[in-house]
Amino acid sequence: MARFYISVEIERRVRTDARNRCGYCLSPQRLVMARLEIEHIIPISKNGSNDESNLWLACPLCNR
């Protein structure tokens, strides 16, 4: 699957808004053994966008 560019500034705002916690299980970044991932709420393949309102922070386990 192709990766789409998300600017550093938008990524920083998504992480700040989520308080560096997974949006599903609420695990904080400091307890997750991998970097929390930015994911699309509505996938790009379903006409989602890279807008900040369509991005979510998730731990690798929840994101899979």
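Two residues are said to be in side-chain contact when any heavy atoms from C-beta on lie closer than 4.5 Å; Leu55 and Ile6 meet this criterion. Put simply, the side chain of Ile10 does not reach to within 4.5 Å of the side chain of Asn50, judged on heavy atoms.
Listed by chain and number, the residues in a salt bridge (Lys or Arg N to Asp or Glu O under 4.0 Å) with Arg13 are Glu9, Glu52 (sequence neighbours excluded). With sequence neighbours left out, Asp51 forms a side-chain hydrogen bond (donor to acceptor under 3.5 Å, both in side chains) with Ser49. Under the rule for a side-chain hydrogen bond (donor to acceptor under 3.5 Å, both in side chains), the partners of Arg64 that lie at least two apart in sequence or sit in another chain are Glu37.
In this structure, CG in Asn63 is found 8.0 Å from SG in Cys22, a value given to the nearest 0.5 Å. Considering CD1 of Ile44 and NZ of Lys46, their distance stands at 13.0 Å, rounded to 0.5 Å. Rounding to the nearest 0.5 Å places OG1 of Thr16 at 10.0 Å from CD of Glu11.
Contact between Ile42 and Asn54 at its shortest, heavy atoms only, is N-OD1, 2.8 Å. Here the closest heavy-atom approach between residue Leu36 and residue Cys59 is recorded as CD2-CA, 3.5 Å. Across every non-hydrogen atom of Ser53 and Ile41, the tightest pair is O-CD1, 3.8 Å.
Pairs engaging residues 17-30 under the side-chain hydrogen bond (donor to acceptor under 3.5 Å, both in side chains) rule: Tyr24-Glu39 [sequence neighbours left out].
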